[in-house]
Amino acid sequence: MQDYRPSREDKFTFGLWTVGNPGRDPFGEPTRKPLSAPYIVQKLAELGAYGVNLHDNDLVPIDASAQERDRLVREFRQALSDHGLVVPMATTNLFTDPAFKDGAFTSADARVRAYALQKVMHSMDLGAELGATTYVFWGGREGTEVDAGGKLLDALSWFRDSLNFLAQYSQDQGYGYRFALEPKPNEPRGDIFLPTVGSALGFIATLDQPDLFGLNPEFAHETMAGLSFPHAVAQALDAGKLFHIDLNDQKPGRFDQDLRFGAENLKGAFFTVQLLEEGGYDGPRHFDAHALRTEDEAGVWAFARGCMRTYLILREKAEQFRADPEIQAALAAYRVEDAELAELTGKFSRENAQALKSRTFDREALGRRGPGLEHLDQLTLELLLGLRSPVQGAPSARIEARG
Ligand code: GCO
Ligand code: MN
Ligand code: MN
């Protein structure tokens, strides 16, 4: 049993806007004092985090002078090097300023669209200066409340043009960014464009340089859409598009809650960790959540510690799952393999198709078979509840990393 203390190798990251969230909501003023960026860096380093991510305006206020910008960036870089933290991901705030109230890349006003491009280019410069290699696009304001404006088709092509432009800007500057789209179904807009992982994957295929673009799926966002986060993560992994990940938690059917990772849907969190650990993802484990509005600063650090600790506990549970003979036996019993049929169905040929068509299947027997999922799921639950003792030295069934 380990002590669940995170280390840099675990690659845990937080946004400046997450632990820095002062507890404002649509009904109430902030409940906590703002924390400076260098202080956040120091605290996260003490807790064992690997890095910190940011929007341009988390560090540099939107109306800062050039001098003020340079000072803030210098102090932030100093803190990063003093405390050994990195900035793996950067992004742009395209949602707070009233200029973006009807969208940024998808605003019906060409001047807003151009200003959005300008703002992102400056923010990409800042991210590159800080060493970021992943650039996230979360289109929080890209959407509508009413569709009377008739911009649905145009909005998608404006969005596409903007992403194509910015990918070329990155290449022209030699920044080498990989871009991660972050889907969300609603909030702050009534309906946000590209609302789910599936929609974003479909859209990426229409870009000029699809290889540069992937996903930054978020637990809460797929949950808000009534979808399964592990299923979304699996689809992104399968497509080779899991470029980044936003871990948090969320009750279905609610406003955007950004709960501490694992706070609500523990099984969903477990299967997410299992996929990340065994599915070949080696990027940062980023927590995009914040402490409850009820909390003081101590609660903020308890929140951050809790996110990482829960991840490590679930990672250990995934190891136990692989080593547990009864679970492995139930898994083996669940799958039925047949070498001869694999040969016939694995690759099309006229002969294989003919052989398959003339084959007799015992349909009733297929329908009678019980796959044992109730038993397997109960074993999983008891493992998560701590009722199954860790098995030492059992063979690992780690699945191969996907390329
Ligand atoms: C949200 C989003 C944001 C983005 C962030 C990075 O629901 O507000 O998750 O937190 O992740 O803007 O792009
Ligand atoms: Mn979110
Ligand atoms: Mn997010």
Side-chain angles (χ1 to χ4, degrees), residues 12-26 51-59 62 87-97 100 103-105 116 119-120 123-124 126-127 130 132-143 159 162-163 166 177-197 200 213-225 227 229 232-233 236 242-252 254-261 263-265 272 283-291 293 303-304 307:
F12 291 133
T13 61
F14 289 84
L16 282 182
W17 71 94
T18 62
V19 283
N21 183 299
R24 180 186 288 109
D25 75 13
V52 64
N53 303 317
L54 75 166
H55 303 86
D56 47 358
N57 304 139
D58 295 336
L59 183 64
I62 195 162
V87 175
M89 176 273 256
T91 181
T92 318
N93 185 324
L94 294 173
F95 43 90
T96 300
D97 196 88
F100 300 123
F105 302 147
K119 192 170 193 290
V120 176
S123 176
M124 281 169 56
L126 173 65
L130 296 169
T133 52
T134 301
Y135 205 87
V136 164
F137 288 112
W138 173 62
R141 295 279 173 202
E142 315 290 13
F159 210 153
S162 300
L163 296 179
L166 292 166
Y177 280 123
R178 295 209 308 167
F179 300 97
L181 305 188
E182 180 179 341
K184 185 176 185 181
N186 58 275
E187 240 190 300
R189 296 314 296 270
D191 287 289
I192 297 180
F193 299 135
L194 310 180
T196 63
V197 163
F213 289 83
L215 266 293
N216 179 36
E218 175 167 318
F219 201 117
H221 297 177
E222 297 300 306
T223 307
M224 288 168 72
L227 299 173
F229 189 60
V233 170
L242 191 67
F243 284 12
H244 198 265
I245 192 157
D246 276 4
L247 299 170
N248 56 10
D249 214 339
Q250 171 77 29
K251 294 188 200 225
R254 304 290 208 285
F255 61 93
D256 180 14
Q257 294 176 304
D258 283 338
L259 298 170
R260 193 180 74 256
F261 182 58
E264 176 62 26
N265 177 356
T272 298
R285 275 71 173 158
H286 176 237
F287 298 105
D288 186 13
H290 52 77
R293 186 167 182 269
F303 147 83
C307 285

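Nothing here was measured: the structure is a model prediction, and the numbers come from that model. In each ligand, atom 1 is the first atom listed, and ligand 1 is the first ligand listed.
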**OP:** Go through the structure and list residues passing side chain to side chain contact (heavy atoms under 4.5 Å, CB included) with Thr18, not counting sequence neighbours.
**Re:** Phe14, Asp288
Original post:
Rounded to the nearest 0.5 Å, how far apart are NE2 of His55 and OG1 of Thr96?
Top reply: 7.5 Å
**OP:** Only counting residues at least two apart or in another chain, list the ones meeting salt bridge (Lys or Arg N to Asp or Glu O under 4.0 Å) with Glu182.
**Re:** none
Subject >> Mutual orientation of the aromatic rings belonging to Phe137 and Phe213 [parallel < 30°, tilted 30-60°, perpendicular > 60°] >> reply: parallel
Original post:
Is Asp97 salt-bridged to Lys119, cutoff N-O under 4.0 Å?
Top reply: no
**OP:** Could you label the plane-to-plane angle of the Trp138 and Phe95 rings as parallel, tilted or perpendicular, counting under 30° as parallel and over 60° as perpendicular?
**Re:** perpendicular
Original post:
Side-chain contact, heavy-atom cut-off 4.5 Å: Asn216 with Thr91?
Top reply: no
**OP:** Please confirm whether Arg178 makes a cation-pi placement over Phe243, using NZ or CZ under 6.0 Å from the six-membered ring centre and within 45° of the ring normal.
**Re:** yes
Original post:
Using a distance threshold of 2.8 Å, what protein N/O/S atoms lie below it relative to the Mn ion (ligand 3)?
Top reply: Glu182 OE2, Glu218 OE1, Asp246 OD2, Asp288 OD2
Original post:
Tell me, which residues have any heavy atom less than 4.0 Å from some atom of ligand 1?
Top reply: Trp17, His55, Thr91, Phe95, Val136, Trp138, Glu182, Lys184, Glu218, His221, Asp246, Asp256, Asp288
Original post:
Would you call the rings of Phe159 and Phe105 parallel, tilted or perpendicular, where under 30° means parallel and over 60° means perpendicular?
Top reply: tilted
